[in-house]
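Below: the structure, in structure tokens.
Below, chains carry the letters A, B, ... as their sequence lines are ordered, and counting in each starts from 1. This one's a predicted model, so the numbers in the text were calculated from it and none came from an experiment.
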There are 2 protein chains.
Amino acid sequence: MVTIADVARHAGVAASTVSYVLSGKRTISTDTRERVQRSVHALGYRPNASARALASQRSNVLALVIPLRTGMHVPVMMQFATAVVTTARRFDHDVLLLTADEGPDGLERVAQSSLVDALVVMDVELHDERVPVLRELPMPSVLIGYPDDADGLTCIDLDFVAAGAHCVDHLADLGHRSLALLGTPSAVYERQTGFAQRTLTGFVEAAERRGVLGVETPCEHTFDAILHTVEQLLSDHPDITGLVVQNEPIIGPLLDVLRRLGRRVPEDMSLVAICADDVAERQVPQLSSVSIPAERIGDQAVESLITKLEGGDVPGLTLVPPTLTARGSTCPHVDLTTA
Amino acid sequence: MVTIADVARHAGVAASTVSYVLSGKRTISTDTRERVQRSVHALGYRPNASARALASQRSNVLALVIPLRTGMHVPVMMQFATAVVTTARRFDHDVLLLTADEGPDGLERVAQSSLVDALVVMDVELHDERVPVLRELPMPSVLIGYPDDADGLTCIDLDFVAAGAHCVDHLADLGHRSLALLGTPSAVYERQTGFAQRTLTGFVEAAERRGVLGVETPCEHTFDAILHTVEQLLSDHPDITGLVVQNEPIIGPLLDVLRRLGRRVPEDMSLVAICADDVAERQVPQLSSVSIPAERIGDQAVESLITKLEGGDVPGLTLVPPTLTARGSTCPHVDLTTA
DNA sequence: AAGGGGTGTCGAAGCGCTTCGACTGGGGTA
DNA sequence: TACCCCAGTCGAAGCGCTTCGACACCCCTT
């Protein structure tokens, strides 16, 4: 393995000069610089990551903590992860993958051993035991999602309150007076997961504000559960004509269930989903939806982290505004009683 | 940050003694050992990863290269990734996440900079440009999937040839005489992806062996594509009564399409999927399927890698035998012409 | 009683890099 | 002409750990 000393010898300079050529931290004459660069290429030199990290106190590695939990929608997570890795590489960093099941100890481990320079933590709960740890850690971190007490933290998330409200507004604007939120599995609510709770809040508040009925129910992933949940919902509230769905894996079966129950989408039942665009577009009919800008959020998380690493300031909480795209699954409600 | 010297001072021993206590590479008296361990706890000492890596020439980090490609089924990949991380942790290793879009250069980068000790490469194509690089790298690697020329490599994969054959045998045993393979999107075949090609091979060979009709067609992910593909298939071959599906995301819509076309599953059309068990079980009816043992393969990959790191020998190619679970989507074919 | 072989511990070297301070020489200034 | 400054380069000192050889010391053997 070729070292910096080999390069220095080959170029006829000191090792430190090679280092400065590579880092650009001191001015080097054009002549020397080019000679060194030629040697680097000729020898195929790659700086040793550990040596560099040891000397510079920087590993150039970010930790990414991904959830492994029930009810999480995997493709969206993968989009986050991909965005994080890609953006990290843009800033010359690599990504160490941690699973949430290592818990707070895992964070301490990688942080205190200087394995990583900073952390990105996904799927943060409202009362997350990792949050106090993150606060004490001697390195910056960014949360995707945000806890109840976000003091001193940097958090980025889609504004799910607004997302829930947007869905209600869209349906209310179309004349719907009775709406339901078909949510994530109940385990997700019980965990006090931020995005689920906040969507619910936005949904309930907006329904109240608009003076429409807004009921909500969690929903498990199996076909039978979906069928049962919807049947129950429609028998309890037969006048419901608008559905908000925040539960990506049930979308396909749900359309089935509605069909089976004789409810046409959108004629008998308007439907807005909170899901990735490609999922919405793949359905028949294509779904009106609030999309999850996973890539944008992942990018943003890494950019903030890099900024913090460089000593810059970033906002404590960045809420990405949701956008609703109307597609074929929503239409105006024709009120038969006044028609 | 507390260093090994701090621990040594606190315990009244030399730094090297602390090191030996921690690594167990030399015998240490019970007395000293316990004293050192107490100091380690008291001070909350964590060895610095870079220093350790530099001195020992081992980073204790594995690279995991995941695909980011069209047509890959994300949840299965995630299962692989999760298994790899979890198993790596069991062996006291961490996992660096690389995306395939860094290509062969990415492998060289992390390997030659000693960022990682070994690599796990997923989604290997029959003619994969990363394979020659992997051969030359000064560290062990394990491929999930395997290329045409696997000489000198360690590969682990589900035996997809057998998987394809199993599906045919299952259907043929039930009396079906005309079968179709509904495969991955054509882009996956064009890339010469191993699992798709091999399943096809197994399917075709088994059909021939069993003397049944076996036609195959790729299938894109959109609903319209599925509808069109199936219509075309059934109009070209109206006597098809058995379907093998290797394309996880289309499974839900496909069941829809069949219903819409008036084909009941399994009465009019038996269906075997090659997919994760939970996907098969979530459908109505539950699908007979060959499962993808992602966890087992991921575990195995890491175990082989660790064995290689320790100088042990591992088989060049490990083919995990597929298992077919019969569920509600297949039933005996009643031949109306002889009935 | 002398010698030999373990066992347990220490000190120092070194892993490959960054970075600091110091040095040199040439060009500008006074 | 003397001086200063700056650009450009070097050497050395670490960064925090592992590991090798050496060294005591004790117990056992003969």
| note | By nearest-heavy-atom nucleotide on DNA chain C, the more 5' of B:Thr32 and A:Arg52 is B:Thr32

| message | Rounded to whole Å, please give me the gap between OH in B:Tyr45 and P in D:dG16. | response | 10 Å

| request: Using whole Å, report how far CG of A:Leu115 lies from C1' of D:dC17. | output: 14 Å

| request: Measure from the side-chain heavy atoms of B:Ala51 and tell me the nearest of D:dG16, C:dC20, C:dG8. | output: D:dG16

| query | When you match B:Thr17 and B:Leu54 each to their closest nucleotide on DNA chain D, which lands nearer the 5' end? | reply | B:Leu54

| Could you give the distance from CG (A:Leu143) to CD1 (A:Ile156), rounded to the nearest 0.5 Å? | 9.0 Å

| field | Rounded distance in Å - CG (A:Leu22) to P (C:dG16) | value | 16 Å

| request: Look at all strands and tell whether A:Thr27 reaches a base, only sugar-phosphate, or nothing, counting heavy atoms closer than 4.0 Å. | output: base

| Between A:Asn48 (CG) and D:dC17 (P), how many Å, whole number? | 17 Å

| said: Using whole Å, what does the distance between atom P of nucleotide D:dA7 and atom CG of A:Asp31 come to? | reply: 18 Å

| Contact class for B:Ser16 vs. all strands (heavy atom < 4.0 Å): base, sugar-phosphate, or nothing? | base

| With a non-hydrogen cut-off below 4.0 angstrom, is A:Ser19 in contact with a base, only sugar-phosphate, or nothing? | base

| message | Do B:Leu319 and B:Leu317 make a side-chain contact, defined as non-hydrogen atoms from C-beta onward lying under 4.5 Å apart? | response | yes

| task | Give the rounded distance in Å between these two atoms: NZ of B:Lys25 and C1' of D:dC17. | result | 11 Å

| Side chain proximity check, A:Ile66 to B:Met78, heavy atoms < 4.5 angstrom | yes

| said: Test your reading of the model: is there a side-chain donor-acceptor pair from A:Thr193 to the backbone of A:Val188, 3.5 Å cut-off? | reply: yes

| For A:Arg9 and D:dT9, what is the distance between atoms CZ and C1' respectively, to the nearest whole Å? | 18 Å

| query | In terms of side-chain heavy atoms of B:Ser56, which of C:dT18, D:dT19, D:dG11 is nearest? | reply | D:dT19

| task | Tell me whether the guanidinium CZ or amine NZ of B:Arg198 lies under 6.0 angstrom from the six-membered ring centre of B:Tyr146 and within 45° of its axis. | result | yes

| Between B:Ile28 (CD1) and D:dT18 (P), how many Å, whole number? | 13 Å

| query | Base, sugar-phosphate alone, or nothing: which one does B:Ser29 contact when heavy atoms must sit under 4.0 Å apart? | reply | sugar-phosphate

| task | Check whether the side chain of B:Arg26 and the base of C:dT7 form a donor-acceptor pair under 3.5 Å. | result | no

| said: Counting distance alone, no hydrogens or angles: does the base of D:dC17 have a donor or acceptor under 3.5 Å from a partner atom on the side chain of B:Tyr20? | reply: no

